[in-house]
Amino acid sequence: MRELAATLVREALVAAIEAGEVGLSSPPEVRIERPRDTSHGDWATNVAMVSAKAAGMNPRQLAETIAARMSGHEDVSAVEVAGPGFINIRLSAHALQRVLTEVRSAGTDFGRIDQGEGRRVQVEFVSANPVGPMHVGHGRWAALGDSMARVLAHAGWDVQREFYVNDQGVQMDIFAKSVAARYLELCGREVEFPEEGYRGAYITEIAREILGDEGERWADAEPAAREDHFREKAYAQVLAHLEHVLHSMGVDFDVWFSERSLHQPAEDGGPSAVERAFDRLREAGHLYEHDGALWFRSTAFGDDKDRVLKKADGSYTYFAADIAYHADKFDRGFDRVIDIWGADHHGYVKRMEAAAAALGHEGKLELVIGQLVNLFRGGEVVRMSKRTGEMVTFEDLLDEVGPDAARYFFLRRSTDQPLDFDIALAKEQSSDNPVYYVQYAHARICAILRKATGADTADTSVDIAATAGTLLGKDAPLHLLDSDAELALMRKIAEFPEVVEIAARLLAPHKLTRYAEELAASFHQFYTQCRVVDPDDAELTTARLHVVDASRIALATVLGLVGVSAPERM
RNA sequence: GCCCUCGUAGCUCAGUGGAUAGAGCGUCUGCCUCCGGAGCAGAAAGUCACAGGUUCGAAUCCUGUCGAGGGCACCA
């Protein structure tokens with residue numbers, strides 16, 4: 001639609017130039033935007049204001065000249081000059097009716113655009129430490145990353161989802177020690193629980209499981225051997241659990257990338273990925289030694305201070321592995337590399353950007369910072385304490401509100417805004433709950449389509465998409481669709497490809513939920529004002545069923561990008 | 001102290017340098033002989049934190065002040 005409007009303006013401008021009405025050698029780029037106030041029309045352009053000086057005309061005069069050549073076009077119902085020289089364009093009912101046919105032939109491909117042109121993009125997200133349950137923030141980032149991936153794919157990108165597994169380091173060691181301590185307690189031994197150990201009940205459960213599987217034979221083993229064994233067992237179990245929880249919300253990863261692998265020798269026995277990354281930085285002159293440690297001169301790329309990569313004791317910092325990890329991502333040939341991090345990691349942004357630049361990939365890395373989630377229950381803050389272990393995990397939340405409500409609520413706010421998640425509202429089955437509001441519109445549409453078949457509306461075997469296909473032939477009297485409610489609904493449907501474009505470009509999935517609510521509202525308004533199935537008017541019924549079915553497709557498609565189901569009945 | 005993010009209606013939040021700043025909730029007033037009322041219509045509600053600057057034009061960009069959250073390890 002935007003392209004249609006731009007083309008209309010461009011053609012009018014070219015015609016005016018050729019007719020000698022406008023003194024321009026070549027037409028300028030035509031920028032089309034949405035007027036903030038819809039009463040100004042569907043589209044507006046400031047092209048007359050931008051090129052007035054070059055044309056030697058005043059902006060309004062130029063605008064009038066262009067507008068005159070646009071009026072009368074079958075896709076334009078009104079064109080007017082406003083303010084300092086805006087050209088406001090209202091598309092005709094004819095142009096909107098044509099969209100219905102496009103939507104219905106596209107099906108779930110509706111809104112697919114070619115922004116990515118098949119280029120490759122990787123989205124890395126969640127990447128929670130596999131040492132315990134995920135918190136609700138992880139849930140938000142999971143929904144965010146997955147929807148981002150879905151909308152990027154819809155916008156023509158070749159997308160890969162990746163989870164970076166921190167399977168090495170201090171956290172893992174503490175984790176192993178914690179499990180070992182619980183195990184020994186279960187064996188009736190006197191043990192001192194590690195100072196910094198994880199005290200969650202799940203640690204004891206893992207220990208109990210090991211005890212059940214392998215008996216007490218580890219009680220008298222060497223502590224180091226015991227911890228090594230427990231670390232592997234416990235970590236594999238937690239990782240499988242994370243995968244399971246994410247999957248139950250419809251989030252699946254293409255790659256689970258192990259941090260540990262970065263430290264292991266290459267397949268040919270050569271240096272590890274970490275050492276190879278060091279070599280690259282060293283050759284480029286970005287490393288130096290100081291106080292027995294190896295430093296990265298990140299200040300050369302805008303960081304606040306230089307960073308240690310290899311400590312004086314010979315061990316590597318987390319950052320060292322992260323540099324190697326990103327070097328590996330770049331080597332894999334992605335055109336874009338997107339990381340979604342929690343707000344608690346945002347202090348890390350500058351040094352990672354510095355590392356990307358030092359590796360010769362400035363601008364290829366996009367760091368998205370997801371703000372945290374505050375849980376409420378009917379307006380009351382849900383208090384959580386890590387110390388006492390009193391907390392609502394992501395899994396708890398999923399169990400309580402279900403995957404649809406969870407995903408929908410996680411995506412209702414812009415990424416850089418902290419999210420207040422009201423558990424009571426998410427469970428409510430009323431119009432106050434936006435996910436029900438949107439899903440209800442879809443179920444209502446399906447009820448109409450069932451009704452239109454004349455079949456038993458209680459028959460659950462009706463295939464809605466197939467029904468709509470057979471019910472509605474290619475030629476329909478769409479010109480009958482000209483009431484305000486019908487036009488408004490068609491406008492909203494036609495807006496969808498634009499929403500995909502913006503959501504993908506700005507990496508902003510909350511545009512999707514917002515659009516879904518607007519579309520649902522347009523549909524409910526249409527429903528209230530226009531009776532669809534009317535035995536006395538077969539023509540109008542057919543035409544309206546076309547809008548209804550196009551609404552169904554648009555709603556189901558946007559919900560698909562959000563990752564929420566589109567129920568045929570509720 | 002330094003860095004990052006944020007500050008928009010009573011509340012929760014949209015807003016891509018454009019025109020008279022929008023939506024939901026809440027408050028108030030209405031709409032069911034009719035395809036699903038889990039719906040719809042209407043009303044009231046604003047110093048876009050504040051002060052400068054850039055621009056033909058700023059909620060949006062820049063600087064400063066105030067306020068909120070987060071980050072400032074040879075932790076991850």
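Proteins get letters first, then strands, A, B, ... in listed order; numbering begins at 1 in each.
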Quiz item: Which comes earlier along RNA chain B counting from the 5' end, the contact point of A/Arg505 or that of A/Tyr318, where each point is its nearest nucleotide?
Solution: A/Arg505

Quiz prompt | Residue closer to the 5' end of RNA chain B, A/Thr45 versus A/Val532 (nearest nucleotide) | solution = A/Thr45

Remember a base hit wins even if backbone is also touched, and classify [X] as base, sugar-phosphate or nothing at under 4.0 Å, heavy atoms.
X	value
A/Lys511	sugar-phosphate
A/Pro434	nothing
A/Asn166	nothing
A/Tyr527	base
A/Gln168	sugar-phosphate
A/Ala343	sugar-phosphate
A/Asp291	base
A/Cys530	base
A/Glu33	base
A/His510	sugar-phosphate
A/Ala44	base

Self-check item: Side-chain (A/Trp141) to main-chain (A/Gly370) donor-acceptor, under 3.5 angstrom
Solution: yes

Quiz item: So, A/Asn129 side chain and A/Val131 main chain: donor-acceptor pair closer than 3.5 Å or not?
Solution: no

Quiz prompt | Aromatic ring pairing A/Tyr440/A/His524, orientation class (parallel under 30°, perpendicular over 60°, tilted between) | solution = parallel

Quiz prompt | A/Phe523 six-ring face occupied by A/Arg444 cation (under 6.0 Å, within 45°) | solution = no

Quiz item: Contacts to RNA chain B from residues 408-415 of chain A, heavy-atom cutoff under 4.0 Å, which residues?
Solution: A/Arg413, A/Ser414

Exercise. Would you indicate, yes or no, if B/C75 has its OP1 or OP2 atom less than 4.0 angstrom from a side-chain nitrogen or oxygen of A/Lys311?
Key: yes

Quiz prompt | Donor-acceptor pair (no angle test) under 3.5 Å: A/Asn88 side chain, B/A19 base | solution = yes

Quiz item: With a 3.5 Å cut-off and just heavy-atom distances, do the side chain of A/His346 and the base of B/G70 make a donor-acceptor pair?
Solution: yes

Quiz prompt | side-chain contact (heavy atoms from CB on, under 4.5 Å) assessment of A/Met1 paired with A/Trp43 | solution = CA-CA 9 Å; A/Met1 286 286 111; A/Trp43 298 101; 4.1 Å; yes

Quiz prompt | Near-parallel close stack of A/His524 and B/G37 base (under 5.5 Å, under 30°) | solution = no

Quiz item: Is there ring stacking between A/Phe86 and B/A19, where the centres must be under 5.5 angstrom apart and the planes under 30 degrees?
Solution: yes

Self-check item: Residues A/Tyr288, A/Phe296; criterion ring-ring contact (aromatic ring centres under 6.0 Å, His included); working and verdict
Solution: CA-CA 7 Å; A/Tyr288 64 91; A/Phe296 166 44; 9.4 Å; no

Exercise. For residues A/Tyr235 and A/Phe175, establish whether the separation of their ring centroids is below 6.0 Å.
Key: no

Quiz prompt | is_close_aromatic(A/Phe410, A/Phe421), centroid dist under 6.0 Å | solution = yes

Quiz prompt | Residues A/Tyr316, A/His263; criterion ring-ring contact (aromatic ring centres under 6.0 Å, His included); working and verdict | solution = CA-CA 9 Å; A/Tyr316 297 102; A/His263 294 281; 5.4 Å; yes

Practice problem: Let me have RNA chain B in dot-bracket notation, would you? Count Watson-Crick plus G-U wobble pairs, both distances under 3.5 Å, and use [ ] for pairs crossing earlier ones and | for inter-strand partners. | Solution: (((((((..((((....[...)))).(((((.......))))).....(((((..]....))))))))))))....

Quiz item: Between B/C74, B/G37, B/A41, which nucleotide gets closest to the side-chain atoms of A/Gln525?
Solution: B/A41

